[in-house]
Structures are given as structure tokens and as C-alpha cells.
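Structure, as C-alpha cells:
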2 protein chains.
Amino acid sequence: MGSTRDKIITASNELFRRYGYNGTSLAQISEASGATTGSIYHFFPGGKVDLGVAVVNTTGSIYRELFEAIAGAAENPVNGVYDVFVGAAATLEETDFIDPCPIGTIAREVANVSDPLRRAAADAMNSWIDAVTAHLTAAGVDDDAARALGELSVSAIEGGFVLARSRRDASVLVRSGEQVTKLIRDAVDAAPLTQRSGT
Amino acid sequence: MGSTRDKIITASNELFRRYGYNGTSLAQISEASGATTGSIYHFFPGGKVDLGVAVVNTTGSIYRELFEAIAGAAENPVNGVYDVFVGAAATLEETDFIDPCPIGTIAREVANVSDPLRRAAADAMNSWIDAVTAHLTAAGVDDDAARALGELSVSAIEGGFVLARSRRDASVLVRSGEQVTKLIRDAVDAAPLTQRSGT
DNA sequence: TGAGCATTAGAGTGATCGTTCTAGCCGCGA
DNA sequence: TCGCGGCTAGAACGATCACTCTAATGCTCA
């Protein structure tokens, strides 16, 4: 079920990443998804904004799950976030520097114009920060410190995308990941031993 | 001289920050600047891209000088970058969360579409990183470490703008500034005493 | 004053924008 | 077989897009 709807969201996601939100037309989305204008407005009665919100919500959930999968597979809690930076850099190079994240682009374009889109973007990024915070508190870091590191991680990745795509060189993400990891290591080392988990 | 040209660039800068690059029309720029279409194409024969490049170059220089002014006025080398984060947060709140930086927005929108704009954005951000690097090496930090911290600073600020504007809460910039400052303090403390300058 | 040129004025171009609308298709329950 | 509602098809709408073009203006320097 929802196959046409899914195709519309998937096509929009890719187009937004490549051309931005305002830079993508519904005609492009129609052609790329194989859905007609009628279908798009059937599933997204609010038009382009409705569609944008759906893309942001969907991508937000996917990336949160991706973070949890990567961080969960890390050999130790300190390296979980670093692995995400490295993975993002690899993705960027493999896709010829297409934006890996439509949310940051949409947020910057329309944060002052569309409240629904702004809120959806905030919710998505907050959910990532929640995930990083949970990951670090599980390693014994206190909540405030963990959250500050989560915010820095998300900011550094989103900002790193801008820098990496402009330069057409993703290595900055790896270097920023190393810097953030230093802070995470210090925070984990400072945690009371009794609260630490993991190896 | 260049008064009309300047007005066009200033108006475009403000509109790009508020509505994005693709979200701003030449008609809006014409009205906001008081210049006619003819004048815009007289000064920017390449049209919107030409204008965008000029906005990026101009803003890039201004922000580089602003960083140097703020960092130079800091009471010690460690706090220079932190003061920039705090200043950015204050600006964001004073302007009702209008994007302080048109360059990040333009870069994300058109990095895969317009090479001149992509390169101009890269040049601007690289010049900021050069400035941070120079600031830190003057405090004795070795060049590679200083550059990595410069890259993280610019990424964290650009990414922080996305997060702060979506949340309509600029405090994340202050917290990220604190985290980055920890790394800078460690780097300065690790520098050989003979190379340190400042108090 | 008058020639020459940078600049401004603004109507007009075809293309494309997001959106609306009506007609028809399809599969399923009775 | 019929009817109905979810879904699709795609033409059409007015608005607006980036851009072009021809004239006219105003400033400078002789």
C-alpha cells in the first residue's frame, strides 16, 4: 500500500537534495516519480509544503535509525559518532557530492517562510540529537554534556555538508569527526565508572 | 562610485538570507534596491548567477574582517572564536532568526547546479578558515591542528544556523561555541611555550 | 554648449511556476 | 452485473520567472 505515495516522496527527496526545495518543480517530481499532478495533490492536498513536510519527516526517521544502527555497531561508545562522520563523508563522495540531507537545505531555504516546514525540520534534527544524547548517557556521560555534544555533532555534520560540497572534498567531515570525538572521549573518561556501560 | 551596484548587492544579500537564492526573484531585488532590471543587468551581465557570486564574494570578505576584528579584540587567544559564536547567536535573535549568512544557503541550494557559485562559496569559507588558522597559529598551535579547528568552527557555525533557525532558539550556538573552545584551549595549552604570543 | 558614454527606464518575451478542475479508470462489495 | 470511492490523467489557469531589448536620460570633459 502507498506505493505511489512512496514513489513521490522518494523522488522528491532526491530532487530536493540535488536542486533544493525551491529549485525543484512539481513537474520534475511528477516526471521522476511517474505520478501525475492529480496523484500528487491527492496524497498531499496541501501541495508542495505538505510534500516537503512528508519528505522531512520520512528522512528524519530514516537518519535517526541509521545513526542508531551505526552507533550501535561501533566497537566502543566513543567511536559511534565518529563512524557517522566517516560514513557521511563516504556517502558524499560516492554520490558525486549530492547533498546527503534534504532537511538542512529545506530548513535554510524556508525557515522564515513556512512554519510547518520549519517545525518539521526542527523535530527531525532534535530526534537525532536525542539519539546521540541517549548514546552518550548510556556510556555514563551526564545528560547536559551529552546533549551539548549531540548538538555539536549535528551542527558539525550539517555545516560540514556545506563546506564539503562547496569544496568537492569530503575529508573535512572526517577531520571534524576526529575533533568531536576528542570531546566525546574526554566526556566518557570523566564519567563515573559505576555508570559506564560497554567494553 | 558604484552606489547603485552596492544597493543591488545589499538588497540581494538581505533577500537571499530571508528567502534563499531560488526563493528570491529579480523583481524583488529590483523593488528592494530601487534599481531597475536594466541597471541590474548592466552591472551583472551574467544575470542572477553573476549577482549571486558578487553577494558571496562581498559577504565573504565582510565576515572575514568581522572575525578578525572580534578575535583581535578578545582578551585572550582562546576566547576569540567563542566570542564569534556568541556574537552570531546575538545577531540571530536580534534579527528574528533571519539567516545571518547567505553563503551557506546559496551553497546548499546550487552547489550541484552552478560551478561559479559553488567555487565562490568555497573561496569565502576557506578564507574564514584561513583567518581562524592564522589566529590559532599565532597562539602557538601547529598548523594542521589549527586548520582542523578552523574547519570545525566554520562547520559548527553554519550548521548551528540551521539548527537555531529551525528551533527559533540561538542558544545552541553558545553551547557549541563552548565545546569548540574546550578543544581550542587544549590545543593552545599543548603549544610550546616559546611560540606562544598574547597574554 | 555639445558630443560621447555609462547608466537607467520599463515594456515585452516565451517559458515555467504551483495549483485547480473535470473526466475517466480501476478494483471491490453486493 | 452494477455502483461506488480511491486513485489517476492531464488540460487549463493566472501569476510570475529570468531575461532581452530599445529609448531615453544624465554626467563628464572638451
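Only this structure's heavy atoms are used, side chains among them; waters, hydrogens and symmetry mates stay out. Chain naming here is simple, since letters A, B, ... match the order of the sequence lines and numbering starts at 1 in each.
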Original post:
Are Thr4(A) and dC7(D) close enough that a side-chain N or O sits under 4.0 Å from OP1 or OP2?
Top reply: no
**OP:** Check the surroundings of atom CD in Glu178(B): do more than 12 heavy atoms from other residues, nucleotides or ligands lie under 6.0 Å from it?
**Re:** yes
Original post:
Between atom OH in Tyr41(B) and atom P in dA18(D), what is the gap in whole Å?
Top reply: 7 Å
Original post:
Is any side-chain N of the basic residue among Asp130(A) and Arg147(A) closer than 4.0 Å to the acidic one's carboxylate O?
Top reply: yes
Original post:
So, does Asn126(A) use its side chain to make a donor-acceptor pair with the main chain of Ala122(A) at under 3.5 Å?
Top reply: yes
**OP:** Rounded to the nearest angstrom, tell me the gap between atom CZ in Phe43(A) and atom C1' in dG6(D).
**Re:** 8 Å
Subject >> Length of the line joining Lys48(A):NZ and dT20(C):P, which is rounded to integer Å >> reply: 15 Å
Subject >> Euclidean distance, atom NZ of residue Lys7(B) to atom C1' of dT8(C) [Å, nearest integer] >> reply: 12 Å
**OP:** Write down the distance between CZ (Phe44(A)) and C1' (dG18(C)), rounded to a whole number of angstrom.
**Re:** 16 Å
Subject >> Rounded interatomic separation in angstrom, taking CG from Asp50(B) and C1' from dA18(D) >> reply: 13 Å
Original post:
Using 4.0 Å as the upper bound for N to carboxylate O, is an ion pair formed by Lys182(B) and Asp186(B)?
Top reply: no
Original post:
Hey, does the side chain of Ser25(B) come within less than 4.0 Å of dC17(D)'s phosphate (OP1/OP2), counting only N and O?
Top reply: yes
Subject >> His42(B) side-chain N/O to dT8(C) phosphate OP1/OP2 under 4.0 Å >> reply: no
Original post:
Parallel under 30°, tilted from 30 to 60°, perpendicular over 60°: which one fits the rings of Phe67(A) and His135(A)?
Top reply: perpendicular
Original post:
In terms of side-chain heavy atoms, does Thr137(B) have a donor or acceptor partner in Asp143(B) at a distance below 3.5 Å?
Top reply: no
**OP:** Please work out which residues in residues 26-40 of chain A have a non-hydrogen atom less than 4.0 Å from an atom of DNA chain D and list them by number.
**Re:** Thr36(A), Gly38(A), Ser39(A)
